[in-house]
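Letters A, B, ... mirror the listed sequences (proteins, then strands); counts begin at 1. Below, all heavy atoms of this structure are taken into account, side chains as well, without hydrogens, waters or symmetry copies.
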Amino acid sequence: MCGRFTLTGNLIWLIRLLGLEQLQKFAPRYNIAPSQPLIVFYKDPDSGEYKQDFQLWGLVPSFIKDPADVRNMINARAETIEQKPSFKKAFRYRRCIIPASGFYEWQKSGKDKQPWYFSPTENEHFYFAGLWDIWHGPDGEQLDTCAIITTEANRVMSRIHHRMPVIIAPDDLLTWLNDETEPAALKRLLRPFPDARMKCWKIDKLVNNPANDRPECIEPKGELQPELF
DNA sequence: CCAGACGTTGTT
DNA sequence: GTCTGG
DNA sequence: CCAGACGTTGTT
DNA sequence: GTCTGG
């Protein structure tokens with residue numbers, strides 16, 4: 001699963017890829033949690049232009065009556081994304097990219113939960129595959145929300161947790177965002193990220209509390225790479 | 001036909 | 001145990 | 001995802 | 001809105 005991540009550095013590479021103007025600076029984030037605003041990129045269905053936006057993490061489908069009924073849709077399973085009413089249309093028409101410097105996963109053993117940090121080896125950022133929607137309230141309120149797609153863990157990650165976020169390779173980003181891409185081709189992108197392109201290490205439980213949004217969250221504390229078998 | 005759900009994770 | 005908030 | 005609350009009445 | 005269950 002993916003329920004917490006980081007975003008630091010700058011997104012100039014992605015911005016250039018999408019032909020966007022230089023965007024405003026954002027403060028580095030070391031502990032982005034569900035319900036918080038995320039930076040997302042998508043192809044605006046109206047203008048056909050790529051767009052950068054902020055959306056709250058936790059997708060609220062447009063047809064929901066009361067958002068309070070459906071909190072916590074922070075992830076969408078890749079395997080069933082085309083069947084679930086909450087994600088079906090979004091998968092077809094409202095896909096997005098959510099950049100991250102790295103993400104956290106917790107390894108359970110008995111009562112203990114040990115956090116690990118995962119980051120890219122070859123690029124500055126991961127690009128999560130996401131879905132978004134807009135919910136309109138009866139009094140004109142609007143909620144722009146999104147979810148991160150998950151898939152089975154790759155080999156390295158499977159020592160820690162059996163699910164992982166879908167990460168789109170840089171070469172596939174435009175295919176993922178393009179509204180002309182066939183569903184079958186989109187589906188093929190929803191696979192585990194290659195082991196060799198990510199690294200990980202144990203970190204302090206400081207990260208557990210979302211209020212601790214600081215660089216210490218990603219400092220190595222113990223093992224680099226989990227034991228494989 | 002209408003009513004009611006619409007999600008993931010993990011754990012048992 | 002279960003829900004809410006971040 | 002984890003942390004932290006989990007309640008009411010009335011008064012300030 | 002759309003699907004499932006009764």
Side-chain angles (χ1 to χ4, degrees), chain A residues 1-7 26-39 45 54-94 98 100-119 126 128-138 142-153 157-167 183 190 192 200 202-214 216-218 221:
Chain A
M1 188 187 195
C2 182
R4 218 76 81 72
F5 66 94
T6 62
L7 180 59
F26 55 89
R29 293 292 311 276
Y30 294 91
N31 207 341
I32 300 173
S35 80
Q36 296 178 356
L38 309 188
I39 295 179
F54 286 91
Q55 297 177 340
L56 298 179
W57 189 6
L59 190 144
V60 178
S62 58
F63 54 79
I64 281 309
K65 291 201 178 62
D66 182 359
D69 296 344
V70 286
R71 65 184 60 255
N72 252 9
M73 292 171 57
I74 63 171
N75 294 133
R77 284 180 71 90
E79 296 89 333
T80 53
I81 209 169
E82 291 173 296
Q83 280 73 248
K84 300 293 182 185
S86 296
F87 304 136
K88 195 175 179 174
K89 284 261 181 68
F91 177 64
R92 193 73 190 81
Y93 303 110
R94 293 182 301 277
I98 299 164
S101 305
F103 61 92
Y104 302 108
E105 290 288 357
W106 281 260
Q107 178 180 38
K108 284 194 180 179
S109 43
K111 285 180 183 172
D112 187 60
K113 273 186 277 187
Q114 171 63 49
W116 290 73
Y117 182 61
F118 294 81
S119 59
F126 286 135
F128 296 150
L131 301 177
W132 59 277
D133 209 343
I134 300 176
W135 179 85
H136 293 279
Q142 180 173 321
L143 281 178
D144 294 14
T145 59
C146 62
I148 295 170
I149 301 174
T150 62
T151 185
E152 61 185 312
M157 273 217 67
S158 67
R159 307 308 301 169
I160 309 299
H161 195 79
H162 71 111
R163 304 289 297 172
M164 70 182 293
V166 169
I167 298 166
L190 306 183
C200 65
K202 271 188 185 177
I203 50 173
D204 194 274
K205 286 178 183 164
L206 172 77
V207 71
N208 286 13
N209 191 335
N212 296 327
D213 187 355
R214 35 199 178 91
E216 288 81 1
C217 284
I218 67 171
K221 191 180 179 183

Q: To the nearest Å, give me how far apart CD1 (I203(A)) and P (dC2(D)) are.
A: 11 Å
Q) P67(A) and W135(A): which non-hydrogen atoms are nearest, and at how many Å? A) CD-CZ2, 3.3 Å
Q. What heavy-atom pair brings T6(A) and Y30(A) nearest, and what distance separates the two atoms?
A. CG2-O, 3.4 Å
Q. Would you call R94(A)-D144(A) a salt bridge at under 4.0 Å N-O?
A. no
Q.
Does dC3(E) have OP1 or OP2 under 4.0 Å away from a side-chain N or O of K88(A)?
A. yes
Q | Atom C1', compared across dT8(B) and dC1(D): separation rounded to whole Å | A | 11 Å
Q: Starting at atom CD1 of I160(A), determine the distance to atom P of dC1(D), rounded to an integer number of angstrom.
A: 15 Å
Output a table of nitrogen or oxygen pairs between the protein and nucleotides 4-8 of chain B separated by less than 3.5 Å.
| from | atom 1 | to | atom 2 | distance (Å) |
| --- | --- | --- | --- | --- |
| dC6(B) | O3' | S86(A) | OG | 3.1 |
| dG7(B) | OP1 | P85(A) | N | 3.3 |
| dG7(B) | OP1 | S86(A) | N | 3.4 |
| dT8(B) | OP1 | R77(A) | N | 2.9 |

Q: Rounded to the nearest angstrom, tell me the gap between atom CG in L56(A) and atom P in dC1(D).
A: 19 Å
Q. Between F126(A) and S119(A), what is the shortest heavy-atom contact and its length?
A. CZ-C, 3.3 Å
Q: Give the minimum heavy-atom separation between C200(A) and W116(A), together with the two atoms involved.
A: SG-CE3, 3.9 Å
Q) In terms of ring plane angle, is the pair W106(A) and Y104(A) parallel, tilted or perpendicular, where the classes change at 30° and 60°? A) tilted
Q. How close or far is atom C1' of dG1(E) from atom CG of D66(A), stated in whole angstroms?
A. 17 Å
Q: Using a heavy-atom cut-off of under 4.0 Å over every strand shown, decide if P34(A) touches base, sugar-phosphate, or nothing.
A: base
Q) How far, in whole Å, is dC3(C) from dA5(B) if one measures between their P atoms? A) 14 Å
Q) Quick one: Q36(A) CD to dT4(C) P, roughly how many Å, whole number? A) 18 Å
(Q) If I take atom CG in residue N209(A) and atom P in nucleotide dG5(C), what distance separates them, rounded to the nearest angstrom? (A) 16 Å
**Q.** Atom-to-atom span, CZ of R29(A) to C1' of dC1(D) - whole angstrom
**A.** 14 Å
Q.
Between dC2(D) and dT12(B), how many Å separate the two P atoms, rounded to a whole number?
A. 15 Å
Q: Could you measure between the two C1' atoms, the one in dG1(E) and the one in dT9(B), and give it in whole Å?
A: 27 Å
Q. In chain order, what residues pass the salt bridge (Lys or Arg N to Asp or Glu O under 4.0 Å) check against E79(A), with sequence neighbours excluded?
A. R77(A), R163(A)
Q | K89(A) NZ - dG1(E) C1' separation (whole Å) | A | 6 Å
Q) If we call it a pair only when both distances are under 3.5 Å in a Watson-Crick or G-U wobble match, what pairs with dA5(D)? A) dT2(C)
